[in-house]
Number of protein chains: 2
Amino acid sequence: MSTGVNLKELAAELKLAPSTVSRALNDSYEISEATKKKVVFMAEKLNYQPNPFARSLRENKSKTIAVIMPERMSSFFAKVVDGIEEVTQQHGYHLLVYSTHEDVEREKKIVSLLMNGRADAIVMSVSSQTSDISHLAKLHERGFPLIFFDRICSEIPTTKFITNDYESSYEGTKHLIQQGCRKIAFLMLSKELSITKERYRGYLDALQAAGLSPTPSLQVTCAHDEEKNIEAIRAMLTSEDRPDGLFSSVEKLALATYHAVKRTDIKIPQDLKIISFFSNLSIAGLLTPSLTTITQPTFEIGEECAKLLMKKLTKPRQPDLPNQVISIPSKIIIRSSTIAV
Amino acid sequence: MSTGVNLKELAAELKLAPSTVSRALNDSYEISEATKKKVVFMAEKLNYQPNPFARSLRENKSKTIAVIMPERMSSFFAKVVDGIEEVTQQHGYHLLVYSTHEDVEREKKIVSLLMNGRADAIVMSVSSQTSDISHLAKLHERGFPLIFFDRICSEIPTTKFITNDYESSYEGTKHLIQQGCRKIAFLMLSKELSITKERYRGYLDALQAAGLSPTPSLQVTCAHDEEKNIEAIRAMLTSEDRPDGLFSSVEKLALATYHAVKRTDIKIPQDLKIISFFSNLSIAGLLTPSLTTITQPTFEIGEECAKLLMKKLTKPRQPDLPNQVISIPSKIIIRSSTIAV
DNA sequence: TTGTAGGCGTTATCAA
DNA sequence: TTGATAACGCCTACAA
């Protein structure tokens, strides 16, 4: 399906050797300006496009980055990918994008499919089911460039980009307490997730600093089924031990909470104050009442992942990606869901 | 960065010729069962992964599909891509995903980057700026498999998947009229877009059938800047000629309308009834009041695009993609924003 | 049933 | 400054 001419044909047209034409197109110092001009002109005229596979085979690199994320329909992940694309596109890289649908088996399959060199690096956020990380460890051990963002694997010694999960959660919880909350629920995805652990830690420490202690029945672990999540949250909100505040560690659970509240006669913020990690700002403002958010630097996280990768991949003899966690701060935006009444 | 062994090394380990090993792995009838077993066993043991570029170079196909869409942060496009991925993954295809950000120049650049065979086909929805379609026409003329969905190019003789834009808009407008609306606004993106044209036609015909005529000042063409859109809508909603109903032809403009309404003292549905093409069902139910939607078969559109493509690409000597428009119906889901009061 | 050889389109090495 | 040649890893005639 390659449509234009190839190097050999272009060379024949120019009555030059393929190697000469190749060098001319790659702006080699060995080639005279006159020849370069002729070659470039003819290449444009015949619409010559180098075959990417021949090049990849030869150079052993694909100019392609793989992005693996747990779901596509999420403003957070969509914006991160936008950030990645913004940077990689400038360097002529392409993006293979995969969704695991929070399924670790799919994650493993995708990773194994990428071990053959189809991509030069992987940028990923692990599924909520991922506790066995052998597939990722193997990848890294073999020297495959791997970067984590948001939902990271601390055990794997590579670079990870996150937001300041602990501090933001601490501040967010503190905000709820300042607004008068005493019994604060915590909503999370799998406890295995790095973001769950850090955000939970921030929440617990803020409670403790205020002399409060967490109520076990108000710590709700959610799963992938939205309806079940809504029901579990509704049950919790209407239980004996009902909360007066709620901290949601991810966007989708804040939405589930609004759905759950709709099924009760609970009033936000009078009866229940809500704060959540959230990146869809337009929606946050439209919810009723508008939602106080911990707004993540989504686009920037994507950009930073990509910048680091581009540095590593486009310059010769770069060292391995350093084992470090880089944190980009979130911003708390106070809206109506946490107003004291 | 290719990590495992290659065919030659695998063959050496087995004391067989590379060609024999290749055939064994491809389950050729010429190879004895015993040899096949040995080869497959050793391949797994040494974690042999065929080099995709060598294969692509040889077979002149990439096992990769490119998806080009106007924006990533859209439930509609995200779900379509999920649908595409669901099908293509089963056939061992990978997805290169690009966002044009509604910018036709970016669209052209991406398309030109894909003319070299990096992808075996393109599935796309054009940008709202796309009126000159020469870049797409060229692609198709060269025999490159190209499928459109949603925002299509009728001029290009290939297969397009859409929802029943005209009928749904007709029915949606009729619904507003039945609920008592007499002055119905219409919100659209660029008038160049196929979906704008069809949806507008359905709207106009429904008005006419009811003996109503469109008010020019209530036909609002929006752009990419959300804040400007909100202001334009607000101005229209509070003008002399203010509407009592509103038809939004795309999801983002319904959200902009809710934002605009928040800046006025207009009450939905009392003063203004709203219906919109919309695919984020969870959000539609959370808006206040909940939004009556024309719910598109997003996932299915993606699946159908991919099924057709897989048929064309995985079977030998398939004909060109037929010049036809395949329509998959939307469903109108009535919620509170159009309740008669 | 298995082995040998050539070529897919590039780029790099070596020679002229 | 340019040209000939080999090699990247795979698959497939053709030969044995």
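Atoms considered below: every heavy atom in the structure, side chains included; atoms not considered: hydrogens, waters and symmetry mates. Everything numeric here is computed off the predicted structure, so don't read it as measured data.
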Could you give the [atom1]-to-[atom2] distance, from [X] to [N], as a whole number of Å?
X	N	atom1	atom2	result
B:Leu57	C:dG6	CG	C1'	13 Å
B:Arg23	C:dT2	CZ	P	9 Å
B:Arg58	D:dC8	CZ	P	17 Å
A:Asn26	C:dT13	CG	P	13 Å
B:Phe53	D:dC8	CZ	C1'	12 Å
B:Asn51	D:dC10	CG	P	6 Å
A:Glu59	D:dA6	CD	P	21 Å
B:Lys8	D:dA6	NZ	P	14 Å

What nucleic acid atoms does [X] come within less than 4.0 Å of, heavy atoms only: base, sugar-phosphate, or nothing?
X	value
A:Ser22	base
A:Ser19	base
B:Thr35	sugar-phosphate

Nucleotide of [options] approaching [X] most closely (side-chain heavy atoms):
X	options	answer
B:Ala17	C:dT4, D:dC8, D:dT12	C:dT4
A:Leu16	C:dT10, D:dT2, D:dG9	D:dT2
B:Thr20	C:dT2, C:dT10, C:dG9	C:dT2

task = Kindly say if B:Tyr29 contacts the phosphate of C:dT2, meaning a side-chain N or O under 4.0 Å from OP1 or OP2.
result = no
inquiry  = For C:dG9 and A:Asn6 - does any side-chain N or O of the residue sit under 4.0 Å from the phosphate oxygens OP1/OP2?
reply    = yes
At what distance, to the nearest 0.5 angstrom, does [atom1] of [X] lie from [atom2] of [Y]?
X	Y	atom1	atom2	result
A:Asp120	A:Tyr93	CG	OH	5.0 Å
A:Lys307	A:Thr88	NZ	OG1	12.5 Å
B:Lys160	B:Asp150	NZ	CG	14.0 Å

task = Would you mind telling me which residue lines up with the more 5' stretch of DNA chain D, B:Glu30 or B:Pro52, judged by nearest nucleotide?
result = B:Pro52
ask   = When you match B:Pro18 and A:Leu7 each to their closest nucleotide on DNA chain C, which lands nearer the 5' end?
value = B:Pro18
ask   = Just checking, is any N or O donor in the side chain of A:Ser28 or A:Asn26 under 3.5 Å from an acceptor N or O on the other one?
value = no
Polar side chain donor-acceptor pair, B:Thr64 to A:Arg118, under 3.5 angstrom = yes
